[in-house]
Novice: 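Submitted below is the structure of interest, expressed as structure tokens.
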Amino acid sequence: MTLIATLPGDGIGPEVLAAGLEVLAAVAEVDVEEHVFGGASIDAHGVALTDEVLAACRGADAVLLGAVGGPKWDTTDPRKPRPEQGLLGVRKGLGLFANLRPVRAIEALYDASPLREERIAGTDLLVVRELTGGIYFGAKTRTAQAASDLCEYSVVEIERIARVAFTAARTHVTSVDKANVLETSRLWREVVTRVHAEEFPGVELQHLLVDNAAMALVSAPNRFDVIVTENMFGDILSDEAAMITGSIGMLPSASLGEGGPGLFEPVHGSAPDIAGKAIANPLAMFLSVALMLRRGLGLEAEAGAVESAVDRALADGLRTHDLGGSATTAQATAAVLALL
Ligand code: IPM
Ligand code: MG
């Protein structure tokens with residue numbers, strides 16, 4: 001039997017994860033094993049990710065994650081544990097170097113986006129974010145007077161994420177870097193250019209500086225197909241791109257490695273401000289379940305069923321609080337389940 005490891009985490013994480021499991025159960029028969037993670041794990045064990053939980057994730061067919069973090073564990077003290085270390089630990093520990101964040105403007109939600117309809121209409125892009133390298137994982141130093149974070153990339157790391165991007169492209173890949181300033185970006189640009197020429201000459205390749213890309217994402221998002229970029233640029237640009245759909249509560253993600261279980265999670269965080277109020281938008285979680293069905297379990301028909309149920313629920317007028325409506329998590333879940 002297929003085994004899903006679930007990591008509810010903190011804040012609205014457990015709320016949207018529970019809703020996601022209802023949707024999952026409606027389309028697939030799987031075993032689910034829950035593990036304490038993030039701030040909850042810091043409270044229980046003093047660390048955000050225990051070796052046992054990491055091992056359990058490794059042994060599962062896929063990992064489904066809620067969210068981590070919250071004011072309770074916020075600290076600037078480098079000696080104190082942080083919930084985010086759990087997330088970074090699973091990504092690194094499972095070798096999940098490729099983070100896929102699809103951003104699709106949904107017609108029923110055009111009015112929920114802060115961007116004008118004529119700008120967002122037709123947007124259907126994929127952010128391919130490198131997830132286990134760069135400044136997130138470089139050596140860190142801290143003294144009373146200074147601090148540093150090392151940004152490092154190897155040729156191999158760039159090659160493999162470039163291949164994921166070219167393989168996912170329908171028409172073209174936009175590689176985003178800061179090659180006018182950063183050495184890592186100059187290597188990035190060289191390697192992406194070579195992988196393109198040698199292995200994917202049929203796909204169009206364009207390079208964009210990250211500041212320019214940030215501008216293009218709001219001025220003409222529908223011109224993008226696949227965006228490939230390094231870890232931190234991808235973090236920032238994917239939040240920006242989320243607003244095309246109207247809310248970060250709409251964005252799913254898949255993190256994949258070379259074989260082994262993938263990790264599926266909504267892009268939104270733990271949203272401590274609405275945690276416990278039962279009003280979190282579960283749609284990003286449902287769409288993450290769909291990505292898990294497709295990319296993690298090879299269940300394409302089931303994935304499509306979940307996605308089209310979400311689409312139809314929105315077309316029928318479903319709006320959670322983040323989208324300017326009043327539907328609760330339970331009502332949104334019921335609306336989608338009714339269409340499955
Ligand atoms: C994300 C989040 C994480 C990241 C945080 C919570 C560590 O912002 O998944 O985008 O920066 O990768
Ligand atoms: Mg982020």
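Read the numbers this way: they start at 1 and go in the same order the structure lists the ligands and their atoms. Just so you know, these numbers use all the heavy atoms, side chains as well, and skip hydrogens, waters and symmetry mates. The first residue in the sequence is number 1, and the count goes up from there.
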Novice: In D235, which N, O or S atom comes closest to the Mg ion (ligand 2)?
Specialist: OD1
Novice: Tell me which protein heavy atom sits closest to atom 7 (C) of ligand 1, plus the residue, atom name and distance to 0.1 Å.
Specialist: E84 CG, 3.7 Å
Novice: Atom 11 (O) of ligand 1: which protein heavy atom is closest, and how many Å away?
Specialist: Y136 OH, 2.5 Å
Novice: Does the cation-pi check pass for K92 over F137, that is, NZ or CZ under 6.0 Å from the six-membered ring centre and within 45° of its axis?
Specialist: yes
Novice: Using heavy-atom distances, let me know which of E265, R101, R82 sits nearest atom 1 (C) of ligand 1.
Specialist: R101
Novice: For the 3.5 Å polar cut-off, considering only N or O atoms, please tell me whether R129 and ligand 1 meet it.
Specialist: yes
Novice: Could a heavy atom of R91 be found less than 4.0 Å from some atom of ligand 1?
Specialist: yes
Novice: What residues form a salt bridge (charged side-chain N to carboxylate O under 4.0 Å, His left out) with R295, not counting sequence neighbours?
Specialist: none
Novice: Counting non-hydrogen protein atoms only, what is the nearest one to atom 2 (C) of ligand 1? Give residue, atom name and distance.
Specialist: D235 OD1, 4.0 Å
Novice: In terms of side-chain heavy atoms, does D225 have a donor or acceptor partner in T171 at a distance below 3.5 Å?
Specialist: yes
Novice: Establish, yes or no, whether the cationic atom of R129 lies under 6.0 Å from the six-membered ring centre of Y136 and within 45° of the ring axis.
Specialist: yes
Novice: Can you give me the closest heavy-atom contact between A62 and L297, atom names plus distance?
Specialist: CB-CD2, 4.3 Å
Novice: Whether the T320 and D322 side chains hold a donor-acceptor pair (N or O, under 3.5 Å, no angle test) is what I'd like checked.
Specialist: yes
